[in-house]
K.L.:
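Following this message is one structure expressed as structure tokens.
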Amino acid sequence: MNEIPRARQLRVVACHGCGLVCEDTLDESGNARCPRCGAALRRRRPDSVARAWALLIAALILYIPANALPVMYTRLFGRGGESTIMSGVIEFWRSGSYEIALVIFIASIAVPCAKFLTIGLLLTSARRRSVRAMRERARLYRLIELFGYWSMLDVAVVAIVSALVRFQALSDIEPRIGILFFGVVVILTMLSAMSFDPRLTWDGDDE
Amino acid sequence: MKTFSDLIVCEHCDSVYRRRPLAAGEAAQCGRCAAILYRARRYDVDHWLALTLAAAITFVIANVCPIIRIGFQGMRNDATLWDSASALAQGPITIIAAPFALSIIVLPCAQIGLLAWVLVYARAGRRAPGFAPAMRALAALRPWSMVEVCLLGILVAVVKLSHFLQVAPGAGFWAMAGLMVLITLIANRDVHRLWELTEPRPPLGAEE
Ligand SMILES: [Zn+2]
Ligand SMILES: [Zn+2]
């Protein structure tokens with residue numbers, strides 16, 4: 001289909017560690033190491049699809065407590081209350097900080113959901129060796145690699161706010177267990193995206 | 001084993017290309033998946049090392065100076081990054097202090113240290129002792145270093161608290177902003193071109 005040669009056609013393999021292009025002797029020897037950096041040479045990331053699925057599903061399951069459980073406890077001037085991620089967004093919106101509400105909504109709700117869908121889509125179409133919209137899928141993968149970690153924003157906000165507000169008797173802000181779940185969800189989705197091998201997207205094009 | 005230093009393989013789709021020199025500001029793009037293959041060199045090893053040292057200084061300022069100043073009914077509270085991390089460590093969910101401190105204090109520090117180490121040797125065209133593990137660590141750390149996320153987090157925190165307290169960013173905040181820019185300049189994806197820069201040259205006349 002495409003005249004640009006791929007590594008397997010030229011019998012070469014690029015080192016995942018340092019990028020050096022080496023002769024592909026994996027068929028004969030089974031395992032080979034990069035002569036420059038010593039990393040094991042591999043054509044694809046090992047168990048890419050299975051690992052990415054496992055991490056993605058774990059993230060999806062933990063996303064439920066991350067949203068349902070409170071992420072922060074706030075006590076100001078004697079009034080105390082717990083808030084979840086969504087109620088935090090609503091509070092910002094009500095108080096008139098629309099931009100901040102939007103930023104947190106995008107970072108904590110839109111980006112993780114988009115990530116679940118994107119990784120799921122990449123994985124299923126790679127398994128079916130689909131040849132549809134390959135360029136677009138490659139772009140999607142690079143997008144989630146680029147923006148995925150911004151979901152950590154809420155963890156940073158809770159951490160900073162609760163570390164800063166320490167006026168003993170008057171006010172207190174404490175993190176709650178939900179933020180821990182949320183942080184783990186973000187880490188798992190990042191690991192899932194890293195486990196997925198973007199080269200798989202193009203493997204349906206080989207024949 | 002044969003190696004081909006004149007070839008480059010797109011790490012997103014396995015397309016193979018022959019390397020060619022680029023003009024300043026140019027980038028080579030993959031014709032199959034449109035990923036960036038490599039960029040023209042923006043600065044040499046000396047500049048790179050100078051930027052790394054600048055990053056080290058900004059890092060120290062960001063850690064020593066208060067990032068935020070809070071006032072409330074005559075009380076004042078200046079908080080540095082270390083205060084924030086240690087306050088978290090004493091709180092009810094101690095464990096979230098660990099990733100927080102890791103992603104904004106420990107990892108940038110490790111990145112700057114490792115880069116300075118390999119660059120000092122790279123100036124002499126040599127590979128530092130422990131070059132391969134250092135390069136592997138730099139690649140592995142990059143996605144987890146989150147100075148920019150923390151910076152936006154501080155801004156959100158300022159807005160959130162400004163409804164009932166006097167809050168202002170301190171010198172540490174501006175140092176962090178500088179650190180964010182410097183880290184993206186020095187520890188980006190292009191780090192692995194250090195492998196090419198420190199490639200031992202064959203002795204003169206030995207080329208075929
Ligand atoms: Zn290598
Ligand atoms: Zn490509």
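Chain A is the first sequence line, chain B the second, and so forth, proteins listed ahead of strands; every chain is numbered from 1.
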K.L.:
Passes side chain to side chain contact (heavy atoms under 4.5 Å, CB included), B:T3 versus A:V21? Steps please.
P.N.:
CA-CA 6 Å; B:T3 61; A:V21 183; over 6 Å; no

K.L.:
Which atoms of B:P133 come close to chain A, meaning under 4.5 Å heavy atom to heavy atom: side chain ones, backbone ones, both, or neither?
P.N.:
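No part of B:P133 comes within 4.5 Å of chain A.
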
K.L.:
As an exercise, state the distance from CD1 of B:I154 to CD1 of A:I160, rounded to the nearest 0.5 Å.
P.N.:
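These two atoms lie 4.5 Å from each other.
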
K.L.:
So for A:V13, is it side chain, backbone, both, or neither that comes closer than 4.5 Å to the heavy atoms of chain B?
P.N.:
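For A:V13, no heavy atom lies under 4.5 Å from chain B.
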
K.L.:
Using a 4.5 Å heavy-atom cutoff, which residues in residues 86-95 of chain A come close to chain B?
P.N.:
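Interface residues of residues 86-95 of chain A: A:F92, A:S95.
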
K.L.:
Which bit of B:L7 is near chain A, if near means a heavy-atom gap under 4.5 Å: side chain, backbone, both or neither?
P.N.:
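The answer is both parts of B:L7.
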
K.L.:
Is any NZ, NE, NH1 or NH2 atom of the basic residue among B:D14 and A:R43 found under 4.0 Å from an Asp or Glu carboxylate oxygen of the other?
P.N.:
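No salt bridge links B:D14 with A:R43.
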
K.L.:
When you look at A:I100 and B:K160, which way does the side chain to side chain contact (heavy atoms under 4.5 Å, CB included) test go after all the steps?
P.N.:
CA-CA 9 Å; A:I100 301 284; B:K160 197 178 183 107; over 6 Å; no

K.L.:
State whether the side chain of A:R6 and the backbone N or O of B:V16 hold a donor-acceptor pair below 3.5 Å, judged by distance alone.
P.N.:
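Not confirmed, A:R6 side chain does not pair with B:V16 backbone.
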
K.L.:
Could you go step by step and tell me if A:H16 and B:E11 meet the side chain to side chain contact (heavy atoms under 4.5 Å, CB included) rule?
P.N.:
CA-CA 8 Å; A:H16 289 221; B:E11 57 177 11; over 6 Å; no

K.L.:
Output yes when A:R36 and B:E196 qualify as a salt bridge under the 4.0 Å nitrogen-oxygen rule, no when they do not.
P.N.:
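Counted as a salt bridge, because a side-chain N and a carboxylate O are separated by less than 4.0 Å.
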
K.L.:
Side chain from CB out, backbone as N, CA, C, O: work out which of these in A:L146 comes under 4.5 Å of a heavy atom of chain B, or both, or neither.
P.N.:
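No part of it gets close to chain B.
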
K.L.:
Of the backbone (N, CA, C, O) and the side chain (C-beta and beyond), which part of B:A140 lies under 4.5 Å from a heavy atom of chain A, both, or neither?
P.N.:
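Neither part.
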
K.L.:
Kindly compute the distance separating OG (B:S103) from CE (A:M152), expressed to the nearest 0.5 Å.
P.N.:
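Separation between the atoms: 7.0 Å.
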
K.L.:
Give the member of B:A35, B:S5, B:A79 that has the highest number of heavy-atom pairs under 4.5 Å with chain A.
P.N.:
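Most pairs with chain A among the choices: B:A35.
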
K.L.:
Of the non-hydrogen atoms in A:R139 and B:A34, which two are nearest, and what is the gap between them?
P.N.:
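Of all heavy-atom pairs spanning A:R139 and B:A34, the closest is NH2-CB, 3.7 Å.
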
K.L.:
Can you tell me how far OG of B:S15 sits from CH2 of A:W202, rounded to the nearest 0.5 angstrom?
P.N.:
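Taking CH2 in A:W202 and OG in B:S15, the distance rounds to 7.5 Å.
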
K.L.:
For the candidates B:E148, B:M135, B:R136, B:H192, which exhibits the highest count of non-hydrogen atom pairs separated by less than 4.5 Å from chain A?
P.N.:
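So the answer, after comparing B:E148, B:M135, B:R136, B:H192, is B:E148.
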
K.L.:
With a 4.5 Å cut-off on heavy-atom pairs, point out which of B:C30, B:A157, B:C33 contacts chain A the most.
P.N.:
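Result: the option with the highest number of such pairs is B:C33.
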
K.L.:
Which bit of A:E136 is near chain B, if near means a heavy-atom gap under 4.5 Å: side chain, backbone, both or neither?
P.N.:
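Neither the backbone nor the side chain of A:E136 comes within 4.5 Å of chain B.
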
K.L.:
Report the distance from atom CZ of A:R142 to atom NE2 of B:H12, rounding to the nearest 0.5 Å.
P.N.:
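The distance works out to 6.0 Å.
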
K.L.:
For B:A132 and A:C37, work out which heavy atoms get closest and say how close.
P.N.:
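Looks like CB-O, 3.8 Å.
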
K.L.:
Would B:W144 and A:M190 count as a side chain to side chain contact (heavy atoms under 4.5 Å, CB included) here? Give the steps.
P.N.:
CA-CA 9 Å; B:W144 305 101; A:M190 284 175 71; 3.6 Å; yes

K.L.:
Non-hydrogen atoms of chain A under 4.5 Å away: do they reach the side chain of B:I8, the backbone, both or neither?
P.N.:
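Backbone only.
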
K.L.:
Of all of A:A107, A:G148, A:A7, which one pairs up most often with chain B through heavy atoms under 4.5 Å apart?
P.N.:
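With the most close heavy-atom pairs to chain B, the winner is A:A7.
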
K.L.:
Which pair of non-hydrogen atoms, one from B:V149 and one from A:A156, has the smallest distance, and what is that distance?
P.N.:
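Heavy atoms of B:V149 and A:A156 come nearest at O-CB, 4.4 Å.
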
K.L.:
I need the residue from A:C18, A:A14, A:A138 with the largest number of non-hydrogen atom pairs under 4.5 Å to chain B.
P.N.:
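Maximum pair count with chain B is reached by A:C18.
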
K.L.:
Could you have a look at B:V9, B:V156, B:I67 and say which one has the most heavy-atom pairs with chain A under 4.5 angstrom?
P.N.:
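Of the candidates given, the most pairs with chain A belong to B:V156.
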
K.L.:
Contact part of A:R11 toward chain B, heavy-atom cut-off under 4.5 Å: side chain, backbone, both or neither?
P.N.:
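No part of it gets close to chain B.
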
K.L.:
Measuring heavy-atom distances to chain A, does B:R19 have an atom under 4.5 Å in its side chain, in its backbone, in both, or in neither?
P.N.:
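No part of B:R19 comes within 4.5 Å of chain A.
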
K.L.:
For the side-chain contact (heavy atoms from CB on, under 4.5 Å) test, which of B:L155, B:L152, B:V159 pairs with A:V103?
P.N.:
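Of the listed residues B:L155, B:L152, B:V159, the side-chain contact (heavy atoms from CB on, under 4.5 Å) partner of A:V103 is B:L152.
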
K.L.:
Which bit of B:R193 is near chain A, if near means a heavy-atom gap under 4.5 Å: side chain, backbone, both or neither?
P.N.:
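Interface part for B:R193: neither.
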
K.L.:
What option among A:R137, A:E145, A:R199 has the most heavy-atom pairs under 4.5 Å with chain B?
P.N.:
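When all of A:R137, A:E145, A:R199 are compared, A:R199 has the most.
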
K.L.:
Do side-chain atoms of A:R135 reach the backbone of B:R32 as a donor and acceptor pair under 3.5 angstrom?
P.N.:
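Flag set: sc A:R135 to bb B:R32 pair under 3.5 Å.
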
K.L.:
Under 4.5 Å from any heavy atom of chain B, what part of A:Y141 do you find: side chain, backbone, both or neither?
P.N.:
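The side chain, not the backbone.
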
K.L.:
Identify the heavy atoms of A:L153 and B:G153 that sit nearest to each other, and give their distance.
P.N.:
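Reported closest heavy-atom pair: CD1-N, 3.5 Å.
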
K.L.:
What pairs with B:F131 under ring-ring contact (aromatic ring centres under 6.0 Å, His included), at least two apart in sequence or on another chain?
P.N.:
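ring-ring contact (aromatic ring centres under 6.0 Å, His included) check on B:F131 returns B:W195.
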
K.L.:
With a 4.5 angstrom heavy-atom cut-off, is it the side chain or the backbone of A:I187 that approaches chain B, or both, or neither?
P.N.:
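Both backbone and side chain of A:I187 come within 4.5 Å of chain B.
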
K.L.:
Please state whether the side chain, the backbone, both or neither of A:T201 comes within less than 4.5 Å of a heavy atom of chain B.
P.N.:
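Interface part for A:T201: neither.
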
